[in-house]
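Input: a single structure, listed below in structure tokens.
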Amino acid sequence: MLQVPFIRENKDLVITRLAKRNIDATQMINDVISFDEERRRIQTELDNTLAESNALSKEIGNLYKSGEAQKANILKEKTSQLKETSKELNDALNTKSDELNQLLYKIPNVPNEMVPNGTADTDNLEVFKEGAIPVLHEGALPHWELAKKYDIIDFELGNKIAGAGFPVYKGKGARLQRALIAYFLDKNTAAGYTEYQLPHLVNEASGFGTGQLPDKEGQMYHVTEDNLYLIPTAEVPGTNIFRDVVLNESELPVSITGYTPCFRREAGSYGAHVRGLNRLHQFDKVEILRVEHPTKSYEALDGMVAHVKTILQELKLPYRILRLCGGDLGFTSALTYDFEVFSTAQDRWLEISSVSNFETFQANRLKLRFKNSDGKNELAHTLNGSSLALPRVLAGILENYQTEAGIVIPEVLQAYTGFKIID
RNA sequence: GGAGAAAUGGCAGAGUGGUCGAAUGCGGCAGUCUUGAAAACUGUUGAGGGUCACACCUCCGGGGGUUCGAAUCCCUCUUUCUCCGCCA
């Protein structure tokens with residue numbers, strides 16, 4: 001959620017930057033400013049009324065003390081009048097504040113000036129590419145065929161137990177999953193991230209804190225009996241660690257990592273592009289998350305990108321990095337880099353990581369602040385990224401490492417899997 | 001699930017109708033002393049709104065009520081703790 005004083009002071013900039021998302025925010029921004037003015041006007045009026053009645057109450061107390069009950073009773077009548085007025089003003093204030101907030105929830109984050117213009121994923125800017133695309137043998141298969149051939153993932157069994165999009169990993173497939181999780185966590189902790197195990201269900205306040213609620217509840221599984229949501233990403237419980245927290249400046253930056261399953265309803269997404277592991281209702285992901293000083297968040301973003309790079313280099317997978325254009329940028333993000341691994345057998349790029357700087361957008365909702373050098377509470381910046389999402393990394397490994405003899409396990413993973421080939 | 005107790009500032013903890021945004025201790029910050037540090041001493045130190053700055057307003061778990069006036073009384077919800085039950 002954007003900060004109203006920021007909007008007030010940077011109206012034109014906000015409108016221009018939001019235009020990168022291909023929206024004309026002029027009306028919304030003007031409304032924010034006028035709603036806020038109105039809100040402050042009512043607030044002032046209410047404050048004055050309350051001040052008056054506070055003063056009268058004090059006076060009444062003094063009159064009783066000095067035994068002048070009659071005078072006190074006269075004043076009492078006055079206060080009942082003020083009470084009514086303040087009740088009315090208070091209702092008006094609440095209405096106006098709600099109106100303002102409802103509007104603010106609808107306004108996405110202001111894109112960084114580096115965000116390229118564009119309307120779709122085809123407009124994303126490729127900023128880096130590395131890794132040779134392997135030449136596969138005759139008859140190379142997409143990963144869903146390989147999964148069947150080597151009996152390591154059973155999509156139909158998952159369908160029987162839960163439904164489409166809930167695969168069952170078996171044997172070496174299950175072990176490879178576990179190996180990847182352990183490997184990612186080890187890489188992240190070696191880079192200074194503290195490992196956390198987080199709840200897989202969150203309450204409403206947490207969903208709200210990271211921006212899934214309101215409006216996007218349809219994307220999450222909802223346990224109505226207890227009003228809990230299955231997490232769509234570790235970002236939700238991870239970032240909400242810091243809800244209503246004031247950190248000391250010396251505690252920054254905070255770097256945490258965690259493995260969680262992720263649950264996404266992904267309503268209405270069907271077709272060839274969602275085959276196999278490409279899109280699932282339940283998948284595993286290792287997330288990295290940072291809370292940063294506002295002056296250092298972009299440096300941190302670069303650091304996170306560099307970190308994810310090292311993992312892909314070690315896995316020896318062909319990948320590229322995209323800077324997302326305004327049309328593809330997430331609601332809460334100011335700048336996002338996507339990592340994509342090349343799926344040779346499908347001949348297409350698969351998104352495996354998304355690393356974003358949210359600046360103060362999440363922190364404002366979360367009330368995540370730090371005490372700055374002036375001793376004032378200031379909103380911190382939050383960032384997060386996948387390091388990494390499992391299914392498409394797995395797809396990339398299966399497809400790019402396939403040989404006629406079987407699927408070779410990348411060298412760095414062999415210590416974790418305990419085997420060198422799936423055959 | 002049953003019974004009881006509790007929820008106050010970064011933490012601990014006092015405060016049962018007005019002078020309480022709130023004692024005290026710890027912690028934090030600044031200073032004195034010191035070559036430096038520690039100790040000691042002195043001062044300072046909750047948040048949000050509002051204002052050029054003051055004034056002023058709101059907040060003692062959440063919501064509602066009683067009262068001229070509520071941290072304090074009443075109702076309700078939530079959470080935590082203790083005991084019992086169940087249990088990986």
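Each chain gets a letter, A, B and so on, in the order its sequence line appears, and its residues count up from 1. The structure displayed is predicted, hence computed values, not measured ones.
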Could you tell me which nucleotide pairs with [N] by Watson-Crick or G-U wobble geometry, both distances under 3.5 Å, or answer none if nothing does?
{"N": "B:G85", "value": "none"}
{"N": "B:G50", "value": "none"}
{"N": "B:A22", "value": "none"}
{"N": "B:A70", "value": "none"}
{"N": "B:U34", "value": "none"}
{"N": "B:C29", "value": "B:G43"}
{"N": "B:G9", "value": "none"}
{"N": "B:U16", "value": "none"}

Given [N], is OP1 or OP2 found less than 4.0 Å from the side-chain N or O atoms of [X]?
{"X": "A:K71", "N": "B:C68", "answer": "no"}
{"X": "A:R369", "N": "B:A47", "answer": "no"}
{"X": "A:R39", "N": "B:G50", "answer": "yes"}
{"X": "A:K367", "N": "B:G48", "answer": "no"}

Mapping A:K371 and A:K58 to their closest nucleotides on RNA chain B, which lands nearer the 5' end?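 The residue closer to the strand's 5' end, by nearest nucleotide, is A:K58.
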Rounded to whole Å, please give me the gap between [atom1] in [X] and [atom2] in [N].
{"X": "A:N203", "N": "B:G62", "atom1": "CG", "atom2": "P", "answer": "17 Å"}
{"X": "A:E45", "N": "B:G49", "atom1": "CD", "atom2": "P", "answer": "21 Å"}
{"X": "A:D47", "N": "B:C54", "atom1": "CG", "atom2": "C1'", "answer": "15 Å"}
{"X": "A:Q70", "N": "B:C68", "atom1": "CD", "atom2": "P", "answer": "17 Å"}

Mind checking [X] for me? I need base, sugar-phosphate or nothing, with any heavy atom below 4.0 Å counting as a touch.
{"X": "A:N73", "result": "nothing"}
{"X": "A:L75", "result": "nothing"}
{"X": "A:T79", "result": "sugar-phosphate"}
{"X": "A:N48", "result": "nothing"}

How far, in whole Å, is [M] from [N] if one measures between their [atom1] atoms?
{"N": "B:G36", "M": "B:G25", "atom1": "C1'", "result": "30 Å"}
{"N": "B:U82", "M": "B:G27", "atom1": "P", "result": "28 Å"}
{"N": "B:G69", "M": "B:G65", "atom1": "P", "result": "12 Å"}
{"N": "B:C84", "M": "B:C75", "atom1": "P", "result": "29 Å"}
{"N": "B:G9", "M": "B:C59", "atom1": "C1'", "result": "11 Å"}
{"N": "B:A12", "M": "B:C81", "atom1": "P", "result": "14 Å"}
{"N": "B:U24", "M": "B:A38", "atom1": "P", "result": "25 Å"}
{"N": "B:A30", "M": "B:U16", "atom1": "C1'", "result": "39 Å"}

Exercise: do [X] and [Y] side chains pair donor with acceptor under 3.5 Å:
{"X": "A:Y298", "Y": "A:N112", "result": "yes"}
{"X": "A:N384", "Y": "A:E235", "result": "yes"}
{"X": "A:T332", "Y": "A:N109", "result": "no"}

Which class fits the ring pair A:F128 and A:Y319: parallel under 30°, tilted 30 to 60°, perpendicular over 60°?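 If you compare the ring of A:F128 with that of A:Y319, the planes turn out tilted.
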Name the orientation class of the two ring planes belonging to A:H293 and A:F370 (parallel below 30°, tilted from 30 to 60°, perpendicular beyond 60°).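 Rings of A:H293 and A:F370: tilted, 30 to 60°.
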Quick check on the 6.0 Å ring-centre criterion: do A:Y193 and A:H307 meet it?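 Yes, they do, as the ring centres are separated by less than 6.0 Å.
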Assess the pair A:Y259 and A:Y196: is the distance between their ring centroids shorter than 6.0 Å?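 Not close enough - the centres of the two rings lie 6.0 Å or further apart.
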For the residue pair A:R178 and A:Y416, would you count it as a cation-pi contact if the rule is NZ or CZ under 6.0 angstrom from the ring centre and within 45 degrees of the ring axis?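 Pair A:R178/A:Y416 does not count as cation-pi.
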Expected output is a numbered-order residue list: members of residues 30-38 of chain A with a heavy atom under 4.0 Å from any atom of RNA chain B. What is it?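 Result for residues 30-38 of chain A: none.
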